[in-house]
Protein chains: 2
Amino acid sequence: MNTHTEENYLKAIYNLSAVKGEANVNELSRHLEIKMPTVNSMMKRLADKKLIVYESYKPVRLTTKGEKEAALIIRKHRLTEMFLVEKMGFGWDEVHGIAEQIEHVQSSDFFAKMDELLGFPKIDPHGSPIPDKNGKMEWTEYHKLNECKTGDIVIFKAVTHSSDDFLKLLNVRELQLGTIIKIKSVEAFDGTMTIEYNKRKPEMLSHLVCDRILVANRKK
Amino acid sequence: MNTHTEENYLKAIYNLSAVKGEANVNELSRHLEIKMPTVNSMMKRLADKKLIVYESYKPVRLTTKGEKEAALIIRKHRLTEMFLVEKMGFGWDEVHGIAEQIEHVQSSDFFAKMDELLGFPKIDPHGSPIPDKNGKMEWTEYHKLNECKTGDIVIFKAVTHSSDDFLKLLNVRELQLGTIIKIKSVEAFDGTMTIEYNKRKPEMLSHLVCDRILVANRKK
DNA sequence: GCAACTAATTAGACTGTTCTAATAAAATCA
DNA sequence: TGATTTTATTAGAACAGTCTAATTAGTTGC
């Protein structure tokens, strides 16, 4: 008996927890664009339902049950994104908002069919892993482009944020998942990187952009 | 700024109006499985928004505005049903419930893409016409199987109800849209029809079933 | 360690959507 | 036409989800 609303709270807690293992009311409020007192009262409700662990004035954590529910919503979201890109011809910068609506559809058949038609994908169009039917998810060990040094050659594997504007910036520069990137130089002052790929002329990427790009060393 | 709820009321009024041009509170209540006082108060809200014409103790009618909104929701519903059947491999008996959820997605791009991928279909998997982007819909002149006489040969064109059970009954009997049906006899007492099609042995269909099957004379 | 700031909570209100119980109007039918 | 049944309405309550304003608890910086 999940409401749309509850699912959005769980998803937000899940995403924020990914970094620190917990989320505080203030962050949730900003992320969901819902005022703090509202978030606060919802935390009590989620705690009553044993979906989160909540004590006054402390950050919240998902319970095992809450984590599983959140992961399954994220599974639906990411399967949908993949379907929209692979089977319907949308761009990776167009699918987030649509998937946010479709993820709330209550029909396991529907998502099972997507999964099957896609050949049981492990990642979404942004390189993020798709949790399995039990809510288990495996993050391959990537690192941020930011953390690379001059001379490194790496493969673009995923983005950590999927905002329209960010993805369009990458589109314009023809940077796609799988692109092999060579770091030509790193500006000491502000972290701006100059990179080369696809035999194009060098591109410069700001620190903020490099912080949102995940890469793997060029082996496999 | 349509809510999910409002859309469901409009759709119900639209569907009930198809027959008589108007709908009363009692019917709406049964159809939506929402109690009469709730429906009643919603009628006032819809009237305030100029979506329906409502006077106490009288049936409601959609305004031009309300009719257009309803038709556009039905467009989304039927496009979705067609997509689920044609592009995802669902059966015509499986798609109604899923489409009821997806029809509320707010993204014209999403439905435009479906429409395009489907080659701009004019009918849904149950033979019902899909309203165009302006909410205009054309019903070809079909008649009920019920109204046919012994000896008539007709083509199965559409169903007037899409309940699971009804469609499964047709599945079991291999009755599909396009099937050419010959009426062998009609039972005078209860209207049961004996029909023949696809070179199978004759089948008997109850009056209720025949009432929900729309057919065309066998010309075009 | 206190002042100032930030984060979190409480209290109370409002909207949307639903309900039940009671009442009233309209329709039916004998 | 008057009694009965059906349909519709009003009144009032409830819950989910949101808000603002006021208060309290923690945190940070001298």
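On a predicted model such as this, the values are computed, not experimentally measured, just so you know. A, B, ... follow the sequence lines: proteins, then strands. Residue 1 opens every chain.
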Do any N or O atoms of the protein come closer than 3.5 Å to N or O atoms of nucleotides 16-19 of chain C, and which pairs are they?
{"unit_1": "C:dT17", "atom_1": "OP1", "unit_2": "B:Thr3", "atom_2": "OG1", "d": "3.1"}
{"unit_1": "C:dT17", "atom_1": "OP1", "unit_2": "B:Thr5", "atom_2": "OG1", "d": "3.3"}
{"unit_1": "C:dT17", "atom_1": "OP2", "unit_2": "B:Arg45", "atom_2": "NH2", "d": "2.0"}
{"unit_1": "C:dT18", "atom_1": "OP2", "unit_2": "B:Tyr9", "atom_2": "OH", "d": "3.1"}
{"unit_1": "C:dC19", "atom_1": "OP2", "unit_2": "B:Lys35", "atom_2": "N", "d": "2.9"}
{"unit_1": "C:dC19", "atom_1": "OP2", "unit_2": "B:Thr38", "atom_2": "OG1", "d": "2.9"}

Can you pull every protein N or O that's under 3.5 Å from an N or O on nucleotides 1-5 of chain D?
none

For A:Ser185, the side-chain hydrogen bond (donor to acceptor under 3.5 Å, both in side chains) test, sequence neighbours excluded, returns A:Thr194
Next item on the list: Tell me whether the centres of the aromatic rings in A:His77 and A:His96 are closer together than 6.0 Å.
Entry: yes
B:Glu203 meets the salt bridge (charged side-chain N to carboxylate O under 4.0 Å, His left out) criterion, sequence neighbours left out, with B:Arg173, B:Arg200
Residues at least two apart in sequence or cross-chain that pass side chain to side chain contact (heavy atoms under 4.5 Å, CB included) with A:His31, listed by chain then number, are A:Ala12, A:Leu16
For A:Glu94, the side chain to side chain contact (heavy atoms under 4.5 Å, CB included) test, sequence neighbours excluded, returns A:Phe90
Quick note, salt bridge (Lys or Arg N to Asp or Glu O under 4.0 Å) partners involving residues 118-139 of chain B, not counting sequence neighbours, are B:Arg78-B:Asp124
Across all chains, not counting sequence neighbours, the salt bridge (charged side-chain N to carboxylate O under 4.0 Å, His left out) partners of A:Lys68 are none
Taken in chain and number order and not counting sequence neighbours, the residues that satisfy side chain to side chain contact (heavy atoms under 4.5 Å, CB included) with A:Asp93 are A:Leu167, A:Lys168, A:Asn171
So the salt bridge (Lys or Arg N to Asp or Glu O under 4.0 Å) pairs with at least one residue in residues 108-118 of chain B (sequence neighbours excluded) are B:Arg75-B:Asp115
Salt bridge (Lys or Arg N to Asp or Glu O under 4.0 Å) pairs touching residues 27-47 of chain B, sequence neighbours excluded, are B:Lys20-B:Glu27
In numerical order, the residues of residues 24-31 of chain A whose heavy atoms come under 4.0 Å of DNA chain C are A:Asn24, A:Val25, A:Asn26
